[in-house]
Amino acid sequence: STAASSLTQIGSEFLPLAGGTLTGQLGVGTSPSAGIHISGTYNNQWGLIVDNNSSDGAGILVDANDSDGDEALLDLRNSGTSRFNVNALGAVGVGVANASAYSNNGDNFVIYEASAPGMTIAGGTNNVGRIFFADEAHDTNNGGWAGYMDYSHSTNKMSFGTANVEALGIDSSQNATFTGDLYVDN
C-alpha cells in the first residue's frame, strides 16, 4: 500500500506521486486500452510532451520484449496510417508499417510513397553531403568507411569512392573522371 500523503486525487481516482508505483492502466480522457492511454482533442497542440530540463537528460525509452520481431517498438500514425515505424528487429519504415516485409537484403530502412517516393540530404552551400559504406562500426583504417557517395555543394561535384579512394567524379559540367581502367563490355 502507498501512504496517503504520496497520493494525489484526480476525480475519484488516486495516483501516486514521485516514488510511488501505479499498477494497472492509466487513461487520460478515455478508458485505457494500454498501459498509458491518452485521448482528447488538442487542436494545434501536442497530445503529449516529455520535458526533461536536465543538461544531460534523456527523452523517451521504449523497451519491449518481442522475441519473434513481429511487433512495432514505435509506430507514429496520422489518421490511422503509419508514417514512421521501428519494429523489434530494428528495421525502420517511413510511410510503411512493416519494413521487414521487404527483401531482407534491404529492409533496415525503407521509404514508401505510392506516387513519388524520395529522400533529400540537405546541406549548407559550402559543405559536403555524404553516404558511407563501412566494413565495421569503427573501421579506423579507412577513416570509418570503405565506400562512399558524396556531393560537394561548393563545387557541385558528385563523387563515388571504393576502398576509400575516389573511383568516379562527375563535375558541374557533367564531365566524368575515372580512377583506374574503364572497361566496356557488350
Side-chain angles (χ1 to χ4, degrees), residues 33-38 46-48 50 57-186:
S33 62
I36 298 175
H37 186 163
I38 301 171
W46 296 105
L48 172 67
V50 176
I60 297 174
L61 170 67
V62 176
D63 187 3
N65 187 13
D66 178 34
S67 60
D68 62 2
D70 66 341
E71 302 296 333
L73 294 179
L74 177 66
D75 192 7
L76 305 179
R77 297 177 182 199
N78 183 31
S79 300
T81 300
S82 182
R83 299 298 184 200
F84 183 86
N85 180 288
V86 180
N87 72 20
L89 299 174
V92 176
V94 177
V96 61
N98 186 7
S100 292
Y102 291 80
S103 168
N104 64 359
N105 291 319
D107 66 350
N108 298 92
F109 183 65
V110 175
I111 299 172
Y112 174 81
E113 171 63 39
S115 60
M119 180 175 72
T120 299
I121 299 174
T125 57
N126 292 316
N127 293 302
V128 177
R130 296 183 172 101
I131 298 175
F132 293 123
F133 302 88
D135 293 331
E136 297 292 334
H138 301 287
D139 184 1
T140 57
N141 295 328
N142 291 319
W145 65 85
Y148 65 89
M149 295 185 296
D150 70 35
Y151 185 82
S152 170
H153 294 275
S154 62
T155 63
N156 293 317
K157 179 183 178 186
M158 176 72 79
S159 300
F160 299 87
T162 59
N164 201 28
V165 175
E166 182 177 308
L168 169 63
I170 305 170
D171 68 20
S172 62
S173 298
Q174 288 72 50
N175 295 316
T177 304
F178 294 88
T179 303
D181 297 326
L182 175 63
Y183 296 96
V184 179
D185 189 6
N186 57 7

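Residues satisfying the side chain to side chain donor-acceptor pair (under 3.5 Å) test with T179, not counting sequence neighbours, are none. Residues passing the side chain to side chain donor-acceptor pair (under 3.5 Å) test with Y148: none are found, sequence neighbours excluded. Qualifying side chain to side chain contact (heavy atoms under 4.5 Å, CB included) partners for N104, counting only residues two or more places apart in sequence or in other chains: D107. For S154, the side chain to side chain contact (heavy atoms under 4.5 Å, CB included) partners two or more places apart in sequence, or in a different chain, are N126, S152. With sequence neighbours left out, R77 forms a side chain to side chain donor-acceptor pair (under 3.5 Å) with D75. For H37, the side chain to side chain contact (heavy atoms under 4.5 Å, CB included) test picks out T30, P32, S33, S39, with sequence neighbours left out. Annotation: side chain to side chain donor-acceptor pair (under 3.5 Å) contacts of E166 (sequence neighbours excluded): K157, S159. Looking at residues two or more places apart in sequence or on another chain, you find a side chain to side chain contact (heavy atoms under 4.5 Å, CB included) between D68 and D66, D70.
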Run the side chain to side chain contact (heavy atoms under 4.5 Å, CB included) check on V92 and F84 step by step: do they pass?
-> CA-CA 7 Å; V92 176; F84 183 86; 3.7 Å; yes

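The NE2 atom of H153 sits 8.5 Å away from the CD1 atom of I121 when rounded to the nearest 0.5 Å. From L73, atom CG reaches atom CG of L89 across 9.0 Å, with rounding to the nearest 0.5 Å. Atom CZ of F160 and atom CD1 of I131 lie 9.5 Å apart (nearest 0.5 Å). Separation of atoms CG (L76) and CG (N85) is listed at 8.5 Å; rounding is to 0.5 Å. The CG atom of N164 sits 13.5 Å away from atom CZ of F133, with the distance rounded to the nearest 0.5 Å. Distance OG1/T125 to CG/N156: 10.0 Å, rounded to 0.5 Å.
The environment of I36 atom CD1 is sparse: at most 12 non-hydrogen atoms of other residues, nucleotides or ligands sit within 6.0 angstrom.
Sorted by first and then second residue, the ring-ring contact (aromatic ring centres under 6.0 Å, His included) pairs involving residues 163-186 (not counting sequence neighbours) form an empty list. Sorted by first and then second residue, the side chain to side chain donor-acceptor pair (under 3.5 Å) pairs involving residues 93-103 (not counting sequence neighbours) are N87-S100. Screening residues 168-186 for salt bridge (Lys or Arg N to Asp or Glu O under 4.0 Å), with sequence neighbours left out, gives no hits.
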